[in-house]
A.B. asks: 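This is the structure I want to talk about, given as structure tokens.
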Amino acid sequence: MSDSPGKAEGAFPEFLAEPADLVAEKLLGCFFERTIGQQRLLARIVETEAYDQDDAASHSHRGRTARNEVMFGPSGRLYVYFTYGMHYCSNVVTGEDGHGSGVLIRAAEPVEGISKMEKLRGLEGRNLANGPAKLCQALGIDLQLGGHDLRKDPLRLLEGGLLPGENTTRTTRIGISKARHLLRRHYITGNPYVSRR
DNA sequence: GTCCCGATCCCCT
DNA sequence: GGGGATCGGGACC
């Protein structure tokens, strides 16, 4: 890649306590910085989905359980869940403490440590993190990082933004059966690392 | 306790 | 475009 994918500011985002829809949009262009041993992995978020307790499609909709507890806690933590018997997905917890909300990170553009991501995925090419479970696999995220504070190693969320000429849009979400009409999926228009469908 | 299904991905066709 | 893999949570008995 010769084009610059934007700069990681290094700062932790200040807006995570805002409602999930706002956060979902603002997280576009931000980064995950994952440290595995001596290896630094950097990925730029390009696709997100908002969920909260008033949303029938959300894990938090039916109230607190041991599984979704993290969603109800303070913003800035990671909610990881296991699904389909073999996949993990990551959410950034958002909103006020006590409100069950979060943003599913659906896709990211690999920026640094790409060969390590390829090893973790067991694949090469462009499909490293263009899906929520692929992204977790590429960054080595599983339930051990459930509840992790994203201000700290080994997984940090870093502020970032859109490049000149980039735009975002929102559509209905992917793979849900309830609340299908809500426009809570956000992505960077035309970005090749957004998931297909 | 039992049953059903899912915020998915990969491979084959 | 379709099916299989694989298992924890939640609904219901």
Side-chain angles (χ1 to χ4, degrees), chain A residues 16 19-28 30 32 43 45-73 75 77-95 99-110 114 116-148 150 155 157 168-188 191-197:
Chain A
L16 300 181
D21 296 279
L22 281 174
V23 177
E25 182 171 1
K26 292 183 180 181
L27 280 177
L28 297 175
C30 292
F32 269 147
I45 296 168
V46 298
E47 180 181 354
T48 59
E49 286 182 358
Y51 290 89
D52 65 58
Q53 62 187 43
D54 300 320
D55 175 352
S58 174
H59 289 177
S60 59
H61 185 60
R62 295 187 180 274
R64 285 186 195 235
T65 66
R67 180 204 200 190
N68 65 27
E69 174 67 28
V70 177
M71 286 189 79
F72 290 86
S75 64
R77 301 223 244 243
L78 190 72
Y79 168 51
V80 181
Y81 67 88
F82 179 71
T83 192
Y84 289 98
M86 64 188 82
H87 295 299
Y88 301 101
C89 296
S90 287
N91 299 249
V92 174
V93 175
T94 67
H99 190 257
S101 62
V103 172
L104 173 68
I105 309 303
R106 279 199 57 87
E109 173 179 354
I114 293 175
K116 175 66 173 176
M117 295 186 204
E118 289 175 337
K119 283 185 185 175
L120 287 165
R121 291 276 292 123
L123 295 171
E124 297 181 357
R126 271 173 263 83
N127 299 331
L128 292 177
N130 60 342
K134 298 180 189 179
L135 183 148
C136 282
Q137 191 178 13
L139 296 182
I141 296 172
D142 61 19
L143 291 177
Q144 289 191 343
L145 283 172
H148 172 72
L150 293 168
L155 180 63
L157 179 64
T168 69
T169 189
R170 58 179 191 157
T171 67
T172 55
R173 292 169 293 183
I174 293 175
I176 56 169
S177 56
K178 298 167 188 165
R180 281 184 156 152
H181 61 289
L182 300 179
L183 302 178
R184 308 194 83 180
R185 171 178 176 241
H186 297 255
Y187 61 92
I188 299 177
N191 185 289
Y193 296 90
V194 170
S195 70
R196 292 284 169 187
R197 272 171 93 159

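The analysis underlying the following values was restricted to heavy atoms, covering all of them including side chains, and did not include hydrogens, waters or symmetry mates. Labels below follow one simple rule: chain letters A, B, ... track the order of the sequence lines, proteins then strands, and each chain is numbered from 1.
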A.B. asks: If the threshold is 4.0 Å, N to carboxylate O, is there a salt bridge linking A:Arg184 and A:Glu49?
C.D. replies: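 No salt bridge links A:Arg184 with A:Glu49.
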A.B. asks: Paired with B:dA7: which nucleotide, if any, by Watson-Crick or G-U wobble criteria at under 3.5 Å for both distances?
C.D. replies: none
A.B. asks: Can a donor-acceptor pair under 3.5 Å be found between the side-chain atoms of A:Tyr81 and the base atoms of B:dA7?
C.D. replies: yes
A.B. asks: If I take atom CZ in residue A:Arg121 and atom C1' in nucleotide B:dC10, what distance separates them, rounded to the nearest angstrom?
C.D. replies: 9 Å
A.B. asks: What nucleic acid atoms does A:Arg173 come within less than 4.0 Å of, heavy atoms only: base, sugar-phosphate, or nothing?
C.D. replies: nothing
A.B. asks: Ignoring backbone atoms, test whether A:Lys134 places a side-chain nitrogen or oxygen under 4.0 Å from the OP1 or OP2 oxygen of B:dC10.
C.D. replies: yes
A.B. asks: To the nearest angstrom, how far is A:Arg106 atom CZ from B:dA7 atom P?
C.D. replies: 11 Å
A.B. asks: Hey, does A:Phe82 reach any base, or is it just sugar-phosphate, or nothing, if we go heavy atoms under 4.0 Å?
C.D. replies: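 A:Phe82: backbone/sugar contact only, no base atoms under 4.0 Å.
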A.B. asks: Looking only at side-chain N and O atoms, does A:Thr65 come under 4.0 Å of OP1 or OP2 in C:dG10?
C.D. replies: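 Yes, because at least one side-chain N or O of A:Thr65 sits under 4.0 Å from OP1 or OP2 of C:dG10.
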A.B. asks: Counting any heavy atom closer than 4.0 Å, what does A:Asn91 reach on the DNA or RNA strands: base, sugar-phosphate only, or nothing?
C.D. replies: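 A:Asn91: base contact, heavy atoms under 4.0 Å.
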A.B. asks: Starting the side chain at C-beta, find the nucleotide from C:dA5, B:dC9, C:dG10 nearest to A:His87.
C.D. replies: B:dC9
A.B. asks: Hey, is CZ on A:Arg121 packed in by over 12 heavy atoms from elsewhere, all under 6.0 Å?
C.D. replies: yes
A.B. asks: Where each residue is assigned the nucleotide of DNA chain B containing its nearest heavy atom, which of A:Ser177 and A:Gln137 is assigned the position nearer the 5′ end?
C.D. replies: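 With A:Ser177 and A:Gln137 compared, the 5'-side residue is A:Ser177.
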A.B. asks: So what does A:Ile176 hit on the nucleic acid, given a heavy-atom distance under 4.0 Å: a base, only sugar-phosphate, or nothing?
C.D. replies: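 Sugar-phosphate: the residue A:Ile176, judged by heavy atoms under 4.0 Å, touches backbone atoms but no base.
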A.B. asks: Mind checking the C1' distance from B:dC5 to C:dG3? Whole angstroms is fine.
C.D. replies: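 One C1' to the other, the span is 16 Å.
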A.B. asks: In this structure, how many angstroms lie between the P atom of B:dC10 and the CD atom of A:Glu124, rounded?
C.D. replies: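 Value for this atom pair: 14 Å.
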A.B. asks: Backbone N or O of A:Leu28 within a donor-acceptor pair of the A:His186 side chain at under 3.5 Å?
C.D. replies: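 Side chain of A:His186 to backbone of A:Leu28: no pair is present.
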A.B. asks: How would you label the contact of A:Ala57 with the nucleic acid (heavy atoms, under 4.0 Å): base, sugar-phosphate, or nothing?
C.D. replies: base
A.B. asks: To the nearest Å, give me how far apart CG (A:Asn127) and C1' (B:dT8) are.
C.D. replies: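 In whole Å, B:dT8 C1' lies 14 Å from A:Asn127 CG.
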A.B. asks: For A:Arg67 and B:dC5, give me the distance from atom CZ to atom P, rounded to whole Å.
C.D. replies: 16 Å
A.B. asks: Report yes if a side-chain nitrogen or oxygen of A:Arg62 is closer than 4.0 Å to either non-bridging phosphate oxygen (OP1 or OP2) of C:dA11; otherwise report no.
C.D. replies: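 Yes, because at least one side-chain N or O of A:Arg62 sits under 4.0 Å from OP1 or OP2 of C:dA11.
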A.B. asks: Just how far, in rounded Å, is C1' of B:dA7 from CG of A:Asp52?
C.D. replies: 14 Å
A.B. asks: What is the distance, rounded to the nearest whole Å, between atom CG of A:Leu135 and atom C1' of B:dC9?
C.D. replies: 14 Å
A.B. asks: Quick one: is C:dG9 close enough that its OP1 or OP2 comes under 4.0 Å of any side-chain N or O from A:His59?
C.D. replies: no
A.B. asks: Return the stacking result for C:dA5 and A:Tyr84: yes when the ring centres lie under 5.5 Å apart and the planes under 30°, no otherwise.
C.D. replies: no
A.B. asks: Among side-chain atoms of A:Thr171 and A:Arg185, is any donor-acceptor pair under 3.5 angstrom?
C.D. replies: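 Per modelled atom types, A:Thr171 and A:Arg185 side chains form a pair under 3.5 Å.
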A.B. asks: Between A:Ile45 and A:Leu157, is the side-chain contact (heavy atoms from CB on, under 4.5 Å) condition met? List the steps.
C.D. replies: CA-CA 10 Å; A:Ile45 296 168; A:Leu157 179 64; 4.0 Å; yes
A.B. asks: For C:dT6, which nucleotide is its Watson-Crick or G-U wobble mate, given both distances must be under 3.5 Å?
C.D. replies: none
A.B. asks: One pair to check against side-chain contact (heavy atoms from CB on, under 4.5 Å): A:Thr169 and A:Tyr187. What are the steps and the verdict?
C.D. replies: CA-CA 6 Å; A:Thr169 189; A:Tyr187 61 92; 3.4 Å; yes
A.B. asks: A:Tyr88 has an atom OH; how far is it from atom P of C:dG9, in whole Å?
C.D. replies: 12 Å
